[in-house]
Amino acid sequence: MKLATSSLIPQIDRYAAEHLGIPVRDLMDRSGEAVAKVVFERVPKGRTVLIFAGVGNNGGDGYATATKLMDDYDVTVFGMFKEGPKTEESRYFRDFFLSRGGKVEEYEASDRLTERIHNAGCVIDAIFGTGFHGEIPESVKPLARAIHSAVNTRKIAIDVPLGINADDGSVLDDAATYVGVTVCLSMIKTGLVSYPAKGYVGEIVFDDLGLPWDDIYQAFDIPDHLIEKVFVKLHLPKRPKNSNKGSFGKLLVITGSEKYRGAAALSLEAALRSGAGYTTYLGTESLVRELTAKYPEAIYEVRPANEAMTEEDIRAAVELSAKQTATLIGCGSDNSKDLFRLVKALLLSEGGTLILDADAINSLTWDLEDGLSALKSAKRPVVLTPHPLEFARIAGESVSDVQLHRIERAKSFASEYNCTLVLKGAGTIVTDGTELFINHTGSSALAKAGSGDVLAGVISSLIAMGTRPLDAASLAAYFHGLAADHLAEEFSSFGVIPSDLPPQIAREIARIENDNSTAAHTLDRSYED
C-alpha cells in the first residue's frame, strides 16, 4: 500500500478537481461520511460529541462530520481560531451545519471545557491534520492536555492526531494526544505507521474516498509504502518448475565467532530456508565442524579467527565473495580491528551485494571516518541492517534522536552513503534514501538476542536470488515479523525464541506462495492483514 506525505494530499485534491471532475467539496462530504461511520460504530446514539475544528480542510472535514451526526447525537463544534474557516469548502460545511441548527462555539480553554470533554461520549480532533508542522500554539496545549486526560471518552482524530508530524512520525511531548482511532482519508500518512507516532494513533481506519487510484498512481510518483500482503505477493521471487540450484544465486555467509556461536547457526539456517541456490559458510574450523553436522546442505570454507587473519586470508575471503551474488557478514562476528579490515576490503572490492549486519556495522567505528568513506565509495551494492544503537554509532546521533526521527534519519543516511538501510525495531524502516518501506508486522516477541541474525539471513538469501535489495529487505521484514506474530499465538511473546523463527518464516513464505487469490487490493478500512 502506498503512503502519503502531507504535501501530496492537496496535490491529489487539486488533481481530482481539475482532471477527474471530483470537487473538493465532494471529497469533504465523503470524508464526513467516513468519520461519521466510525462514530456510529463506536459511540451509542444520543451521546455528546465534541468536534474541535481548525481553519483548513481538516476543520472542514470536522464540520462535514458534524452534519452527518447531528440528527443522532448532541453535537457541538468548537472553532479553534477566531478567523474561522479559511477555505471555501470548510465555510460551506460550517454554514450548512449552522443552517440546520448546529451549535458552533468559539474555543477557549477552561476548567468547564475540560469537564465537558471528560463527560463527552466522543471527542473528534479536526484541528490541523496534515497541515501540522513544527510547534502547536500555546492556546491549544491546554486542549491537548484535556483530551489526553479524558479516560472514558472515545477519542477520534481525522487524518492526523494533534501534535504528530504526518511525514516523519515525530511527536511533540507536551502536545501530542493518544487517540483510540485515527481515520485516514484518501491515503494513510507515512508518519502514522512509524514510531513514535504509531504509539499515539490507535487503530487506523482507512477510507480511500472512492477515488480512482489507478489514475492517481499514474499521475504521481509516490515513493512511500506500507509493506503488506499485496506487496509481498507481487514481489516474492518466482520459482519455475524447470529451474535448478543455479537459477537461484550464490550466497556467502561470514557470521559467528567462538564467542557468539549461535549467531552463525541462526543466520545460516535462515538463509538456507529462504531460497538461495547455493549457500557457502566461511568460518573458523570449530564453527564449520559444528555447523556441518547440523546443516549438511551448506558448502563450507575455513578461515582463521578475526585476530589471526593475515592479508592473504582477507584476500582469499574477498576473492570468494567476488564469486557470489550476495555476501552476508557481521552477525555475531565479535567486533575487532581485523573484522574492520575485512569489511573495508569487501566494500572496496567488486562483487555481488554486500549485507552488513551487527558487528560488521560496529566495526566501522574502529575508524569511523575511514569506514564511512569506504561505505560511500563501495564498488558493490551495500545493505546495512542496524538496530537503533548500531545506527546511532555510525550516524553520530543519540539513540533517542534516532528513535524520535526514524524516517528522517534513515532516509538521510541512506541517501548520503548510497546504500539500502534497514533500521530495525518496531515498525522496521527500509529505504535507499528515495523510496521508503515501513513494516507493520512483528511484536516484542522479537525483542531477543538472535532475532536480527535471522532477519539478516533471510534478507541475504532473497538478495542472492536476484531480488532488488529494497524489496528483499521489505519481504524479509514482513515474513520475520509475521512469523513472530503467529508463534506468539502459541508460545506468547515471552516464549518465542529466535531459533523458532527460520522454519516458521518458511511456513509464512509457503502461505504466500500457495495463495491463489487474485484480489488487487486486500486493504479496505484497516491496514492490518
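Count residues from 1 along the sequence. Computed from a predicted structure; not experimentally measured. Only this structure's heavy atoms are used, side chains among them; waters, hydrogens and symmetry mates stay out.
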(request) Please list, chain by chain and in numerical order, all residues satisfying side chain to side chain donor-acceptor pair (under 3.5 Å) with H225, sequence neighbours excluded. (result) none
(request) Hey, could you give me the CZ/OH distance between F220 and Y15, rounded to the nearest 0.5 Å? (result) 7.0 Å
(request) Assess R406 against Y195: is NZ or CZ under 6.0 Å from the centre of the six-membered ring, and within 45 degrees of the ring's axis? (result) no
(request) Examine distances only and state if a side-chain atom of S186 and a backbone atom of D208 form a donor-acceptor pair shorter than 3.5 Å. (result) no
(request) Find the distance between NE2 (H440) and CG (D485) and round it off to the nearest 0.5 Å. (result) 9.0 Å
(request) Mark yes or no for whether T292, through its side chain, and P296, through its backbone, hold a donor-acceptor pair below 3.5 Å. (result) no
(request) Could you tell me whether the side chain of S461 and the main chain of A276 form a donor-acceptor pair under 3.5 Å? (result) yes
(request) For D515 and I512, indicate whether the former's side chain and the latter's backbone hold a donor-acceptor pair under 3.5 Å. (result) no
(request) Hey, could you give me the CD1/CG distance between I254 and L328, rounded to the nearest 0.5 Å? (result) 8.5 Å
(message) Heavy-atom count check: over 12 atoms from other residues, nucleotides or ligands less than 6.0 Å from E285 CD?
(response) no
(request) Would you mind listing every salt bridge (charged side-chain N to carboxylate O under 4.0 Å, His left out) that reaches into residues 342-355, with sequence neighbours excluded? (result) K344-D370
(request) Give a yes-or-no answer on whether the side chains of T310 and D313 include a donor-acceptor pair shorter than 3.5 Å. (result) yes
(request) Please answer whether the main-chain N or O of L291 pairs with a side-chain N or O of Y300 as donor and acceptor at a distance below 3.5 Å. (result) yes
(message) Tell me if the centroids of the rings in H387 and F391 come within less than 6.0 Å of each other.
(response) no
